[in-house]
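Report on the following structure.
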Amino acid sequence: ANAEALPFNDNSFDCMTIAFGLRNVTDKEAALRSMYSKLKYGSQLLILEFSKIVIPVIDKIYDQYSFKLIPLFGKTIANDEASYQYLVESIRMHPDQKTLASMLQQAGFKKVQYQNLSGGIVAIHRAYKL
């Protein structure tokens, strides 16, 4: 469904999740507001998404891997370099952990927190409708 205008009744879900999809949504603020409205009070939203690396050494290595190897793998294995180049670019354009946490709060969520995984390559955000 279109995350920016979810086709469900308000206050319908006990939990919502999105994994590696929010970065592909054009209007992330609208999507977060839509998710908020569809959750029941006391329910939670979990977001698993690529994020900003918080360890400088890993950041440099990951940049080389991302911009040089991922598109090459896409070209060699899937014969689709463009999609894999888009993947790398979409990761870099996605809001960092603190920005996404702020966006969740602006959408109305409470008790917003995140946990970095793999040095921040990905993060899990958790937020509640209270």
Side-chain angles (χ1 to χ4, degrees):
N2 178 357
E4 297 169 12
L6 292 168
F8 306 104
N9 293 330
D10 286 352
N11 305 306
S12 295
F13 293 93
D14 295 313
C15 181
M16 296 183 89
T17 65
I18 184 168
F20 302 112
L22 187 60
R23 76 178 183 285
N24 297 312
V25 174
T26 303
D27 188 346
K28 292 169 185 45
E29 290 88 357
L32 296 174
R33 287 190 305 271
S34 181
M35 292 176 201
Y36 181 87
S37 71
K38 305 311 175 194
L39 282 167
K40 295 177 184 175
Y41 289 95
S43 298
Q44 67 179 323
L45 170 66
L46 297 165
I47 300 171
L48 175 65
E49 191 58 82
F50 289 103
S51 293
K52 175 142 177 58
I53 297 174
V54 296
I55 302 172
V57 174
I58 293 175
D59 193 24
K60 304 268 188 263
I61 295 167
Y62 188 66
D63 274 350
Q64 293 297 314
Y65 169 76
S66 296
F67 288 104
K68 293 188 178 184
L69 293 178
I70 291 177
L72 179 62
F73 292 154
K75 180 179 181 180
T76 305
I77 297 168
N79 197 29
D80 186 4
E81 184 177 6
S83 292
Y84 289 83
Q85 185 65 40
Y86 166 78
L87 170 65
V88 173
E89 292 169 3
S90 71
I91 291 169
R92 292 305 188 275
M93 293 177 62
H94 186 69
D96 65 24
Q97 297 88 316
K98 290 180 181 177
T99 302
L100 182 54
S102 176
M103 292 167 66
L104 285 160
Q105 291 169 334
Q106 290 173 4
F109 287 97
K110 306 294 184 207
K111 293 176 58 177
V112 175
Q113 54 189 283
Y114 62 87
Q115 177 181 358
N116 288 318
L117 305 173
S118 300
I121 292 173
V122 297
I124 299 172
H125 281 76
R126 178 178 303 213
Y128 294 85
K129 181 176 181 178
L130 299 175

To the closest 0.5 Å, what do you measure between [atom1] ([X]) and [atom2] ([Y])?
X	Y	atom1	atom2	answer
Lys75	Leu72	NZ	CG	7.5 Å
His94	Lys28	NE2	NZ	6.5 Å
Asp96	Ser51	CG	OG	8.0 Å
Ile70	Glu81	CD1	CD	12.5 Å

Shared ILVMFWY cluster between [X] and [Y], side chains joined below 4.5 angstrom?
X	Y	answer
Ile121	Tyr114	no
Ile77	Tyr84	yes
Ile91	Phe67	yes

Using residues 57-64 as the side-chain source, report each donor-acceptor pair under 3.5 Å to any protein atom, sequence neighbours left out, with the distance given to one decimal.
residue : atom : partner : partner atom : Å
Asp63   : OD1  : Arg92   : NE           : 3.4
Asp63   : OD1  : Arg92   : NH2          : 2.5
Gln64   : OE1  : Lys68   : NZ           : 3.4

(message) Is it the case that atom NZ in Lys129 sees more than 12 heavy atoms from other parts of the structure closer than 6.0 Å?
(response)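 Check passes, neighbour count above 12.
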
(message) A quick test of your reading: do over 12 heavy atoms of other residues, nucleotides or ligands sit less than 6.0 Å from OH of Tyr65?
(response) no

(request) Each residue besides Tyr128 in its hydrophobic cluster should be listed here, by chain and number; the cluster joins Ile, Leu, Val, Met, Phe, Trp and Tyr at side-chain heavy-atom distances under 4.5 Å. (result) Leu130

(message) Test question: given the 4.5 Å side-chain rule for I, L, V, M, F, W and Y, name all other residues clustered with Leu39, or answer none.
(response)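 For the cluster that includes Leu39, the remaining residues are Leu6, Phe8, Phe13, Met16, Ile18, Leu22, Val25, Leu32, Met35, Tyr36, Leu45, Ile47, Leu100, Met103, Leu104, Phe109, Val112.
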
Where do [X] and [Y] come nearest, in terms of heavy atoms and distance?
X	Y	value
Asp27	Glu4	N-OE2, 2.9 Å
Ser83	Asp80	OG-OD2, 2.6 Å
Ser66	Pro71	O-CD, 3.0 Å

(request) Can you sort out the partners of Gln85 under side chain to side chain donor-acceptor pair (under 3.5 Å), two or more places apart, ordered by chain and number? (result) Glu89

(request) Determine which pairs satisfy side chain to side chain donor-acceptor pair (under 3.5 Å) with at least one residue from residues 12-25, sequence neighbours left out, and list them in order. (result)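 The answer is Asp14-Lys40, Arg23-Glu49, Arg23-Ser90, Asn24-Tyr86.
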
(request) Determine, for Asp10 against Lys38, whether the closest basic-nitrogen to carboxylate-oxygen distance falls under 4.0 angstrom. (result)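 So Asp10 pairs with Lys38 through a salt bridge.
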
(request) Using the test ring-ring contact (aromatic ring centres under 6.0 Å, His included), find all partners of Phe50 that sit at least two apart in sequence or belong to another chain. (result)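 Partners of Phe50 by the ring-ring contact (aromatic ring centres under 6.0 Å, His included) criterion, ordered by chain and then number, come out as Phe20.
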
(request) Test Val54 against Gln97 for side-chain contact (heavy atoms from CB on, under 4.5 Å), laying out the working first. (result) CA-CA 10 Å; Val54 296; Gln97 297 88 316; 4.1 Å; yes

